[in-house]
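Down below is the structure, laid out as structure tokens.
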2 protein chains.
Amino acid sequence: MTIDPLKDFPGYALRRASVATMQRLAGGLQVLDLRASEASILLVIEANPGITQSEIGRLLDIAGANMAPLMRRLHDRDLVERNAVDGRSQALHLSPAGRALSAKARRIFRAHEDELLKKIPPADRAPFLKNLQALYSDPTD
Amino acid sequence: MTIDPLKDFPGYALRRASVATMQRLAGGLQVLDLRASEASILLVIEANPGITQSEIGRLLDIAGANMAPLMRRLHDRDLVERNAVDGRSQALHLSPAGRALSAKARRIFRAHEDELLKKIPPADRAPFLKNLQALYSDPTD
DNA sequence: TATTGTTATACTCTATAACTATA
DNA sequence: TATAGTTATAGAGTATAACAATA
């Protein structure tokens, strides 16, 4: 039998779980022609009308250089409207089409999270989430 | 204040935690000029002398097409020896240099996992690992 | 000086298709 | 027919450097 020397490493399990989970989410979002990052941005704009691109980047930990092509794609599809607030920042809002698509994306997110939670015993769910959050929000990570 | 509509999604927390953790591991392995995938392969070969490339791929969930360049790099650096067992499979073993590097990589893995575990309350650690494993080994994921 | 937004570029991981050779 | 290994290629996320315009 093959020995897996990584099996009991939580970091390894974390990565495997993340990849498997993201693949499932990407598959669900495919019918909307949205990537997970794009769908996330739509939800963030909907929850924060008038937010700027750089604020989204800080919230989702996406570098400015990588936000630009993502936002351009959403703008080119007329999902997001940009209104200049000063010479360099733009207030972002969802267009009607963006709101419709965001609602569909949110349903896919919800179904996806429900699927995921089915595999975690109810008593473990709250600490599981809290521990994951600690792993990425702790600055000493 | 900015609202984060994704904050309580475990799938989102899983991804953020995985990315943050992998970046830290990659930084640690940099001094060995190893990527996380390459270091993992070294540990697997060490634990399973004579294993084949396709068996490693199945264990780590790396597609054959992606194993080829990884193995070539390890072989080019004289870390891994390949001995034909039949016309298409090769038994893999670590070279002395490969064993030395693998030992160093394992110490970096260990230190990295210890850092990670520091952020998880001791009582949560076993279920945390088990739940992560369930997320990627469950075929219905 | 610092920030916003952009372009260009490169690396890594993942994925598919197509192929050779062997079992 | 199925498997092992390879090549080529493409999509996606992440990273740095450099830049223009603005605060």
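Excluded from the calculations below are hydrogen atoms, water molecules and symmetry mates; all remaining heavy atoms, backbone and side chain alike, are included. Proteins come first, then strands; the chains are lettered A, B, ... in the order of their sequence lines, and each starts at number 1. All values reported here derive from a predicted model rather than from experimental measurement.
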Task: Terminal contacting nucleotides, 5' and 3', DNA chain C versus chain B (heavy atom, 4.0 Å) - done: C/dT12 to C/dA23

Task: Salt-bridge contact A/Asp124-A/Lys119 (side-chain N to carboxylate O under 4.0 Å) - done: no

Open item on the list: So, using ring pair (Phe, Tyr, Trp, His ring centres under 6.0 Å) as the criterion, who are the partners of A/Tyr12 when residues are at least two apart?
Closed with: none

Open item on the list: How long is the straight-line distance from CZ of B/Arg15 back to CZ of A/Arg15, given to the nearest 0.5 Å?
Closed with: 9.5 Å

Open item on the list: Listing request: all salt bridge (Lys or Arg N to Asp or Glu O under 4.0 Å) pairs with a residue in residues 47-68 of chain B, at least two apart in sequence or in separate chains.
Closed with: none

Task: Under 4.0 Å protein heavy-atom contacts per nucleotide of nucleotides 15-23 of chain D, with B for base, S for backbone only and - for none - done: BBB----BS

TODO: Nearest whole angstrom, please: distance from the C1' of D/dT6 to the CG of B/Asp76.
DONE: 14 Å

- [ ] For the residue pair A/Ile51 and A/His93, establish whether any side-chain heavy-atom pair is separated by less than 4.5 Å.
- [x] no

Open item on the list: Quick one, B/Ser89 and B/Asp86 - any side-chain contact, counting heavy atoms below 4.5 Å?
Closed with: yes

Open item on the list: Does any part of the side chain of B/Ser102, heavy atoms only, come nearer than 4.5 Å to the side chain of B/Leu43, both counted from C-beta?
Closed with: yes

Open item on the list: For D/dT6 and B/Arg82 - does any side-chain N or O of the residue sit under 4.0 Å from the phosphate oxygens OP1/OP2?
Closed with: yes

Task: Side chains of A/Ile108 and A/Val31 in contact at under 4.5 Å (non-hydrogen atoms) - done: yes

TODO: Kindly work out whether a path of hydrophobic side-chain contacts (I/L/V/M/F/W/Y, heavy atoms less than 4.5 Å apart) joins B/Leu60 to B/Ile45.
DONE: yes

Task: Transitive ILVMFWY side-chain link B/Leu32 to A/Leu6, under 4.5 Å - done: yes

When you compare the protein's N or O atoms with those of nucleotides 10-12 of chain D, which come within less than 3.5 Å of each other, and at what distance?
unit_1	atom_1	unit_2	atom_2	d
D/dA12	OP2	A/Arg35	NH1	3.4

- [ ] Please state how far atom CD1 in B/Ile41 lies from atom P in D/dG5, giving the value in whole angstrom units.
- [x] 12 Å

TODO: Could you tell me whether a side-chain N or O of A/Arg125 sits under 3.5 Å from a main-chain N or O of A/Leu117, the two making a donor and an acceptor?
DONE: yes

- [ ] For the residue pair B/Leu94 and B/Leu101, establish whether any side-chain heavy-atom pair is separated by less than 4.5 Å.
- [x] no

TODO: Please list, by residue number, the residues of residues 45-55 of chain B whose heavy atoms come closer than 4.0 Å to an atom of DNA chain D; answer none if no residue qualifies.
DONE: B/Gln53, B/Ser54

- [ ] Answer yes when B/Arg73 and B/Glu38 have at least one side-chain N-carboxylate O distance shorter than 4.0 Å, and no when they do not.
- [x] yes

Open item on the list: I need the CD1-P distance between A/Ile62 and D/dT14, as an integer number of Å.
Closed with: 7 Å

